[in-house]
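As C-alpha coordinates, the structure follows; a few thoughts come after it.
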Amino acid sequence: MAASPGASGQVPDLSAETAGPVLTVPGAPPPFHVLAKPTGASCNLDCEYCFFLSKEMLYPGSRFRMAADLQQTYLRQLLEAQARAPEVVVARQGGEPTMMGLDLFRRAIDLERTYARPGQRILNTIQTNGTLLTEEWGEFLKANEFLAGISIDGPPTMHDAYRADKGGKPCGVPGLGHQS
(Lines give C-alpha, C1' and ligand atoms only; values in the text may rest on other atoms or scores of the structure.)
Protein backbone atom coordinates (compact mmCIF):
# COMPACT_ATOMS: atom_id res chain seq x y z
CA MET A 1 0.00 0.00 0.00
CA ALA A 2 1.45 3.36 -0.99
CA ALA A 3 1.61 6.22 1.47
CA SER A 4 -0.59 9.24 0.83
CA PRO A 5 0.84 12.75 0.69
CA GLY A 6 0.40 14.71 3.92
CA ALA A 7 -0.69 18.33 4.25
CA SER A 8 2.71 19.49 2.94
CA GLY A 9 2.31 17.42 -0.24
CA GLN A 10 5.28 15.27 0.80
CA VAL A 11 4.95 11.50 1.00
CA PRO A 12 6.17 10.43 4.46
CA ASP A 13 8.95 7.84 4.69
CA LEU A 14 7.28 4.74 6.18
CA SER A 15 10.18 2.34 5.71
CA ALA A 16 11.07 -0.03 8.53
CA GLU A 17 14.28 1.91 9.17
CA THR A 18 12.44 5.12 10.02
CA ALA A 19 9.09 3.94 11.31
CA GLY A 20 10.37 1.68 14.09
CA PRO A 21 8.37 -1.10 15.70
CA VAL A 22 4.83 -0.51 16.89
CA LEU A 23 4.76 -1.82 20.44
CA THR A 24 2.50 -1.40 23.43
CA VAL A 25 5.47 -1.47 25.80
CA PRO A 26 8.67 0.45 25.01
CA GLY A 27 11.68 -1.82 24.60
CA ALA A 28 9.64 -5.00 24.16
CA PRO A 29 10.69 -7.40 21.41
CA PRO A 30 8.61 -7.42 18.25
CA PRO A 31 5.68 -9.83 18.70
CA PHE A 32 4.59 -12.38 16.13
CA HIS A 33 1.26 -14.04 15.50
CA VAL A 34 0.48 -17.74 15.07
CA LEU A 35 -3.00 -19.01 14.16
CA ALA A 36 -3.95 -22.48 15.42
CA LYS A 37 -6.52 -24.62 13.67
CA PRO A 38 -7.26 -27.27 16.31
CA THR A 39 -9.78 -29.06 14.05
CA GLY A 40 -7.81 -28.59 10.84
CA ALA A 41 -10.31 -28.43 7.98
CA SER A 42 -13.14 -30.16 9.87
CA CYS A 43 -16.34 -28.16 10.16
CA ASN A 44 -19.94 -28.87 11.07
CA LEU A 45 -21.15 -26.79 8.12
CA ASP A 46 -20.89 -27.29 4.38
CA CYS A 47 -20.85 -23.73 3.04
CA GLU A 48 -20.90 -23.58 -0.77
CA TYR A 49 -18.05 -21.09 -0.99
CA CYS A 50 -15.68 -22.64 1.55
CA PHE A 51 -12.31 -23.40 -0.03
CA PHE A 52 -11.13 -25.11 3.14
CA LEU A 53 -13.55 -28.06 3.18
CA SER A 54 -11.80 -29.68 0.22
CA LYS A 55 -8.67 -29.93 2.36
CA GLU A 56 -10.33 -32.75 4.33
CA MET A 57 -9.92 -34.92 1.22
CA LEU A 58 -6.13 -34.54 1.35
CA TYR A 59 -5.99 -36.63 4.52
CA PRO A 60 -8.48 -39.51 4.21
CA GLY A 61 -9.38 -41.05 7.55
CA SER A 62 -7.88 -38.22 9.60
CA ARG A 63 -9.94 -36.92 12.50
CA PHE A 64 -8.17 -33.54 12.36
CA ARG A 65 -8.02 -33.15 16.12
CA MET A 66 -5.26 -31.44 18.05
CA ALA A 67 -4.04 -34.04 20.53
CA ALA A 68 -3.43 -33.01 24.15
CA ASP A 69 0.35 -33.53 23.88
CA LEU A 70 0.51 -31.42 20.72
CA GLN A 71 -1.57 -28.70 22.37
CA GLN A 72 0.83 -28.64 25.32
CA THR A 73 3.90 -28.50 23.08
CA TYR A 74 2.36 -25.79 20.89
CA LEU A 75 1.44 -23.52 23.80
CA ARG A 76 4.74 -24.09 25.62
CA GLN A 77 6.78 -23.28 22.51
CA LEU A 78 4.61 -20.28 21.59
CA LEU A 79 5.03 -18.75 25.05
CA GLU A 80 8.73 -19.63 25.29
CA ALA A 81 9.36 -17.98 21.92
CA GLN A 82 7.74 -14.80 23.20
CA ALA A 83 9.12 -14.93 26.74
CA ARG A 84 10.06 -11.23 26.70
CA ALA A 85 6.79 -10.08 25.11
CA PRO A 86 4.39 -8.41 27.55
CA GLU A 87 1.40 -9.77 25.61
CA VAL A 88 0.92 -12.93 23.57
CA VAL A 89 -2.08 -13.57 21.34
CA VAL A 90 -3.31 -17.15 21.16
CA ALA A 91 -5.67 -17.30 18.17
CA ARG A 92 -7.86 -20.17 17.02
CA GLN A 93 -10.08 -20.77 14.00
CA GLY A 94 -11.06 -23.72 11.86
CA GLY A 95 -12.67 -25.51 10.23
CA GLU A 96 -14.79 -25.03 13.31
CA PRO A 97 -12.76 -24.85 16.54
CA THR A 98 -15.74 -25.32 18.88
CA MET A 99 -16.05 -28.88 17.53
CA MET A 100 -13.11 -29.67 19.82
CA GLY A 101 -15.30 -29.07 22.86
CA LEU A 102 -14.76 -26.96 25.94
CA ASP A 103 -12.27 -29.36 27.52
CA LEU A 104 -9.61 -28.45 24.93
CA PHE A 105 -10.12 -24.76 25.67
CA ARG A 106 -10.13 -25.25 29.45
CA ARG A 107 -6.89 -27.21 29.15
CA ALA A 108 -5.46 -24.39 27.00
CA ILE A 109 -6.19 -21.81 29.69
CA ASP A 110 -4.51 -24.04 32.31
CA LEU A 111 -1.46 -24.53 30.06
CA GLU A 112 -1.24 -20.80 29.31
CA ARG A 113 -1.21 -20.09 33.05
CA THR A 114 1.50 -22.71 33.52
CA TYR A 115 3.81 -21.41 30.76
CA ALA A 116 3.20 -17.66 30.84
CA ARG A 117 5.95 -15.57 32.38
CA PRO A 118 5.12 -13.52 35.49
CA GLY A 119 3.25 -10.40 34.40
CA GLN A 120 2.78 -11.65 30.84
CA ARG A 121 -0.75 -11.14 29.48
CA ILE A 122 -2.31 -13.82 27.28
CA LEU A 123 -4.97 -12.63 24.84
CA ASN A 124 -7.17 -15.47 23.54
CA THR A 125 -9.18 -15.19 20.34
CA ILE A 126 -11.55 -17.51 18.51
CA GLN A 127 -13.26 -17.26 15.13
CA THR A 128 -16.36 -19.47 14.95
CA ASN A 129 -19.50 -19.99 12.91
CA GLY A 130 -21.33 -19.80 16.25
CA THR A 131 -23.67 -22.72 15.64
CA LEU A 132 -22.30 -24.81 18.50
CA LEU A 133 -22.12 -22.02 21.09
CA THR A 134 -24.15 -22.56 24.25
CA GLU A 135 -24.61 -20.70 27.52
CA GLU A 136 -21.70 -22.73 28.91
CA TRP A 137 -19.48 -21.64 26.01
CA GLY A 138 -20.55 -18.04 26.52
CA GLU A 139 -19.74 -18.15 30.23
CA PHE A 140 -16.33 -19.69 29.50
CA LEU A 141 -15.45 -17.16 26.79
CA LYS A 142 -16.51 -14.26 29.02
CA ALA A 143 -14.77 -15.56 32.14
CA ASN A 144 -11.53 -15.98 30.19
CA GLU A 145 -11.89 -12.71 28.27
CA PHE A 146 -11.79 -14.26 24.79
CA LEU A 147 -12.15 -12.01 21.79
CA ALA A 148 -14.77 -14.00 19.87
CA GLY A 149 -15.59 -13.40 16.23
CA ILE A 150 -18.70 -14.98 14.75
CA SER A 151 -18.86 -15.44 11.00
CA ILE A 152 -22.12 -14.05 9.60
CA ASP A 153 -22.70 -13.49 5.89
CA GLY A 154 -25.35 -10.80 6.27
CA PRO A 155 -29.09 -10.82 6.98
CA PRO A 156 -30.69 -14.27 7.41
CA THR A 157 -31.77 -14.68 3.78
CA MET A 158 -28.27 -13.88 2.51
CA HIS A 159 -26.57 -15.87 5.27
CA ASP A 160 -28.68 -18.97 4.60
CA ALA A 161 -28.26 -18.80 0.82
CA TYR A 162 -24.79 -20.38 0.96
CA ARG A 163 -24.37 -21.64 4.53
CA ALA A 164 -25.85 -25.03 5.29
CA ASP A 165 -25.16 -27.92 7.61
CA LYS A 166 -23.85 -31.26 6.34
CA GLY A 167 -27.44 -32.32 5.61
CA GLY A 168 -28.07 -29.29 3.38
CA LYS A 169 -30.29 -27.45 5.89
CA PRO A 170 -29.64 -23.70 6.18
CA CYS A 171 -27.82 -23.07 9.46
CA GLY A 172 -29.43 -19.77 10.44
CA VAL A 173 -27.71 -16.72 11.84
CA PRO A 174 -26.06 -17.56 15.18
CA GLY A 175 -27.96 -16.07 18.08
CA LEU A 176 -31.06 -15.45 15.98
CA GLY A 177 -32.08 -19.03 15.26
CA HIS A 178 -33.18 -20.19 11.83
CA GLN A 179 -34.95 -17.38 10.02
CA SER A 180 -36.16 -18.93 6.72
Side-chain angles (χ1 to χ4, degrees), residues 22-25 31-53 55-56 63-68 70-79 81-82 85-117 119-166 169-180:
V22 178
L23 302 172
T24 57
V25 176
F32 61 90
H33 189 85
V34 177
L35 180 62
K37 295 178 174 276
T39 58
S42 296
C43 186
N44 60 322
L45 299 184
D46 194 15
C47 302
E48 286 186 36
Y49 57 80
C50 184
F51 67 93
F52 208 59
L53 289 177
K55 304 297 183 206
E56 286 181 286
R63 290 185 9 100
F64 290 105
R65 299 290 189 263
M66 181 181 275
L70 178 59
Q71 180 187 33
Q72 180 175 1
T73 299
Y74 163 68
L75 289 169
R76 179 181 49 78
Q77 289 179 351
L78 177 66
L79 294 172
Q82 298 189 70
E87 296 178 345
V88 177
V89 175
V90 180
R92 299 159 184 95
Q93 72 173 42
E96 177 49 43
T98 60
M99 288 175 62
M100 292 297 295
L102 268 169
D103 286 345
L104 174 114
F105 288 84
R106 288 184 183 116
R107 187 171 52 250
I109 297 299
D110 290 342
L111 290 167
E112 291 167 10
R113 289 178 180 148
T114 298
Y115 295 118
R117 300 293 186 247
Q120 191 175 49
R121 182 173 179 214
I122 309 299
L123 306 168
N124 285 285
T125 71
I126 184 171
Q127 185 67 35
T128 173
N129 62 38
T131 60
L132 301 177
L133 295 180
T134 61
E135 288 291 325
E136 187 178 14
W137 267 105
E139 290 167 7
F140 172 82
L141 295 172
K142 181 179 179 182
N144 293 286
E145 299 179 335
F146 269 70
L147 172 63
I150 298 183
S151 303
I152 298 175
D153 291 349
T157 54
M158 182 183 295
H159 181 81
D160 285 351
Y162 302 102
R163 283 184 164 240
D165 64 18
K166 299 289 187 181
K169 179 183 171 197
C171 66
V173 177
L176 300 180
H178 183 67
Q179 304 291 315
S180 304

Note: E112 and R92 closest approach over all heavy atoms is OE2-NH2, 3.1 Å
Closest heavy-atom pair and its distance - C171, L45
CB-CD2, 3.8 Å
Kindly indicate whether the side chain of T128, heavy atoms from C-beta on, has any atom under 4.5 Å from the side chain of W137.
no
Pair N144, R106: side-chain N/O donor-acceptor within cut-off below 3.5 Å
no
For the residue pair C50 and R163, establish whether any side-chain heavy-atom pair is separated by less than 4.5 Å.
no
Just so I know, are the side chains of L147 and L123 near enough to count as touching, which here means a heavy-atom distance under 4.5 Å?
no
Would you compute the distance between atom CZ of R76 and atom CG of L111 and round it to the nearest 0.5 angstrom?
10.5 Å
With the side chain counted from C-beta on, respond yes when I126 and Q93 share a heavy-atom pair under 4.5 Å apart, and no when they do not.
no
Please step through side-chain contact (heavy atoms from CB on, under 4.5 Å) for the pair V34 and Y74, ending with a clear verdict.
CA-CA 10 Å; V34 177; Y74 163 68; 3.8 Å; yes
I'd like to know if the side chain of E96 pairs up with that of S42 as donor and acceptor (distance under 3.5 Å, no hydrogens or angles considered).
no
Do E136 and L102 make a side-chain contact, defined as non-hydrogen atoms from C-beta onward lying under 4.5 Å apart?
yes
Inter-residue atom distance D110.CG - Q72.CD, 0.5 Å rounding
11.0 Å
Parallel, tilted or perpendicular: rings of F140 and F146 (30°, 60°):
tilted
pair L78-V88: side-chain heavy atoms closer than 4.5 Å
yes
Which pair of non-hydrogen atoms, one from N129 and one from T131, has the smallest distance, and what is that distance?
OD1-OG1, 2.7 Å
Once rounded to the nearest 0.5 Å, what's the spacing between atom CD of Q127 and atom OG1 of T125?
8.5 Å
Measure the CG-CG distance between L141 and N124 for me, rounded to the nearest 0.5 Å.
9.5 Å
I152 backbone acceptor or donor facing H159 side chain under 3.5 Å:
no
Quick one: are V90 and L75 in side-chain contact, heavy atoms under 4.5 Å?
yes
Looking at every non-hydrogen atom in both residues, tell me the closest pair between E87 and Q82 and how far apart they are.
O-OE1, 4.4 Å
If we only count heavy atoms from C-beta on, is the Q120 to L79 side-chain gap below 4.5 Å?
yes
Considering all heavy atoms, the nearest K166-C43 contact
CE-O, 2.9 Å
